[in-house]
Engineer: 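First, the structure itself, so that you have it in front of you.
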Amino acid sequence: MSQTPPAPPAEEAAPTLEGPDGPLSAHAHDAVHEHPSDRQYVKIALILGVLTALEVFTYFESVHNLGDAALYVILIVLMVLKFVYVVAWFMHLKFDSVLFKRIFTAGVVLALGVYLIMLTAFRIWGV
Amino acid sequence: MSEVANPPPAVTAPAGAGHASAAHPPTNTGMSHNKVAMWLFLGSECLLFGALISVYMFAKSRLPAGEIGPLDVFDIPFTSVSSFVLLMSSLTMVLALSAITRGEERGFRVWIVATALLGGTFIAGQVYEFTVFYNLGLGYTTNIFGSAFYTLTGFHGAHVTIGIVMLMSALVANLRGRLGPRNAETVELIGLYWHFVDIVWILIFTIIYLFPQ
């Protein structure tokens, strides 16, 4: 006795809304994800302010006793943290399509790679 | 094609619950082509500023002893305030986008003007800084450090200025009724550009001003 395989569920048609210049896509995933609330944005800005204050603190002589290598590490970590916070939260890369993340990361990595090679070729690193 | 009776605006979200991305016409990828193009543009801008920062590092390392350099001109406390101002403009920008996405046009106008004012304050600070440096003897052609420094920070300042023009254009379009919640994506794109300018300054402030000289 042959069994009929269950029919696949019919795909739901994405609702389409009319905009001033034609239909608007409501199914697009970047239109569905919720973004942070205003309160969360303010929290991120406060974190960025604190990170900037920490960066500026390294300017003072007492911190310079740590040595240049330690200062470089501290400043790079703080800089990267600020960069990531702005890109992820304010530019919504944390919530948007992964394609945008890949495009931007490709630009950053390419720029870093090309110019690290260039600076190495010119012996910028004090060796 | 199913029609939704009395559809709510696609870009409206409950107050206080954050906001959704702006709606856009249907595309094959499901993503806004304008946004893809903006991200591609920003990716290419990374290369531009990467080149300018590299040239600055190269120039600084080749500065002959005794010539006017970073230690003679930089005023870190002043530049720190400028950096903080630009950083906070990113907050007002994202609040402007949040407001227009929720349909709060008055809030949008307030935040967009605040963003432009903070950007203008940053530019005013840069003009003041350039003037002070020039009076201290650092012109564009004084030495290799001056050329690289003015080129890098000047390019960044030009980007901020273009951003201010975009913000003001968005404000005028909104006042004329041509920019509202339905096309909030335009504000989102301006916001992406503005935040990019901010992250470039995050790099410049640390690498150019704060790294041990």
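Just the heavy atoms: all of them, side chains too, but no hydrogens, waters or symmetry mates, feed the values below. Just so you know, these numbers come straight off a predicted model, no measurement behind them. The chains referred to below are lettered A, B, ... by the order of the sequence lines, with proteins before strands, and numbering in each begins at 1.
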Engineer: Answer yes or no: are there more than 12 heavy-atom neighbours, outside A:Lys94 itself, under 6.0 Å from its atom NZ?
Structural biologist: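 Atom NZ in A:Lys94 is not crowded, with 12 or fewer foreign heavy atoms closer than 6.0 Å.
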Engineer: Just wondering, do B:Met38 and A:Ile103 contact through their side chains at under 4.5 Å, heavy atoms?
Structural biologist: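 Contact flag for A:Ile103/B:Met38 side chains = no.
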Engineer: According to side-chain hydrogen bond (donor to acceptor under 3.5 Å, both in side chains), who are the partners of B:Ser80, at least two apart in sequence or on a separate chain?
Structural biologist: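 B:Ser80: no side-chain hydrogen bond (donor to acceptor under 3.5 Å, both in side chains) contacts found.
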Engineer: Any idea which of A:Thr105, A:Thr52, A:Ile44, A:Val56 has the most non-hydrogen atom pairs under 4.5 angstrom with chain B?
Structural biologist: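 Most pairs with chain B among the choices: A:Val56.
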Engineer: Calculate, to the nearest 0.5 Å, the distance between atoms CG and CZ belonging to B:Leu192 and A:Phe100 respectively.
Structural biologist: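 Going from the CG atom of B:Leu192 to the CZ atom of A:Phe100 covers 8.5 Å.
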Engineer: Look at A:Glu55, A:Arg39, A:Gln40 and state which one has the largest set of heavy-atom pairs under 4.5 Å with chain B.
Structural biologist: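 Looking at each of A:Glu55, A:Arg39, A:Gln40 in turn, A:Glu55 comes out on top.
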Engineer: A:Asp96 vs B:Lys35, test: side-chain contact (heavy atoms from CB on, under 4.5 Å). Steps then yes/no.
Structural biologist: CA-CA 10 Å; A:Asp96 255 334; B:Lys35 250 171 107 171; 2.9 Å; yes
Engineer: Could you pull out the closest heavy-atom pair between A:Gly49 and B:Leu87, with the gap in Å?
Structural biologist: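 Taking every non-hydrogen atom into account, N-CD2, 4.3 Å.
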Engineer: Is A:Lys82 salt-bridged to B:Asp198, cutoff N-O under 4.0 Å?
Structural biologist: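 No, this pair does not count.
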Engineer: Looking at A:Phe90, A:Phe83, A:Tyr85, which one forms a side chain to side chain contact (heavy atoms under 4.5 Å, CB included) with B:Ile199?
Structural biologist: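 Exactly one candidate clears the test, A:Phe83.
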Engineer: Report the distance from atom CG of A:Leu46 to atom CE of B:Met88, rounding to the nearest 0.5 Å.
Structural biologist: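 Answer rounded to 0.5 Å: 7.5 Å.
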Engineer: Would you indicate whether B:Trp201, at its atom CH2, is surrounded by more than 12 heavy atoms from other residues, nucleotides or ligands within a distance under 6.0 Å?
Structural biologist: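 Yes.
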Engineer: A:Met79 and B:Ile202: which non-hydrogen atoms are nearest, and at how many Å?
Structural biologist: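 Closest pair (atom of A:Met79, atom of B:Ile202, distance): O-CG2, 3.8 Å.
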Engineer: Taking all non-hydrogen atoms of both residues, which atom of B:Pro212 and which atom of A:Tyr72 are closest, and how far apart?
Structural biologist: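 Nearest pair, atom of B:Pro212 first, then A:Tyr72: O-OH, 3.5 Å.
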Engineer: With a 4.5 angstrom heavy-atom cut-off, which part of B:Ile53 approaches chain A: side chain, backbone, both or neither?
Structural biologist: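 Neither part.
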Engineer: Please give me the minimum heavy-atom distance between B:Leu210 and A:Leu75, naming the atom from each residue.
Structural biologist: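 The answer is O-CD1, 3.5 Å.
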Engineer: Go through the atoms of A:Leu48 and report whether side chain, backbone, both or neither lie under 4.5 Å from a heavy atom of chain B.
Structural biologist: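 A:Leu48 touches chain B through backbone and side-chain heavy atoms alike.
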Engineer: Tell me, side chain or backbone of A:Leu71 under 4.5 Å from chain B's heavy atoms, or both, or neither?
Structural biologist: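 Contact with chain B: side chain only.
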Engineer: Hey, could you give me the CZ/CZ distance between A:Phe104 and B:Phe196, rounded to the nearest 0.5 Å?
Structural biologist: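 If I round to the nearest 0.5 Å, the distance is 5.5 Å.
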Engineer: Under 3.5 Å, sequence neighbours excluded: what are the donor-acceptor pairs made by side chains of residues 43-52 of chain B?
Structural biologist:
residue : atom : partner  : partner atom : Å
B:Ser44 : OG   : B:Phe41  : O            : 2.6
B:Glu45 : OE1  : B:His159 : NE2          : 2.4

Engineer: Is it the side chain or the backbone of A:Ala106 that comes within 4.5 Å of chain B heavy atoms, both, or neither?
Structural biologist: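 When you check distances to chain B, no heavy atom of A:Ala106 falls under 4.5 Å.
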Engineer: Near B:Phe155 CZ, under 6.0 Å, is it more than 12 heavy atoms from other residues, nucleotides or ligands?
Structural biologist: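 Atom CZ in B:Phe155 is not packed in, count stays at 12 or less.
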Engineer: Kindly determine whether A:Met91 and B:Leu42 satisfy side-chain contact (heavy atoms from CB on, under 4.5 Å), including the steps that lead there.
Structural biologist: CA-CA 11 Å; A:Met91 296 174 89; B:Leu42 297 181; 3.8 Å; yes
Engineer: Just wondering, do B:Trp39 and A:Leu93 contact through their side chains at under 4.5 Å, heavy atoms?
Structural biologist: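 Counting from C-beta outward, A:Leu93 and B:Trp39 do come under 4.5 Å.
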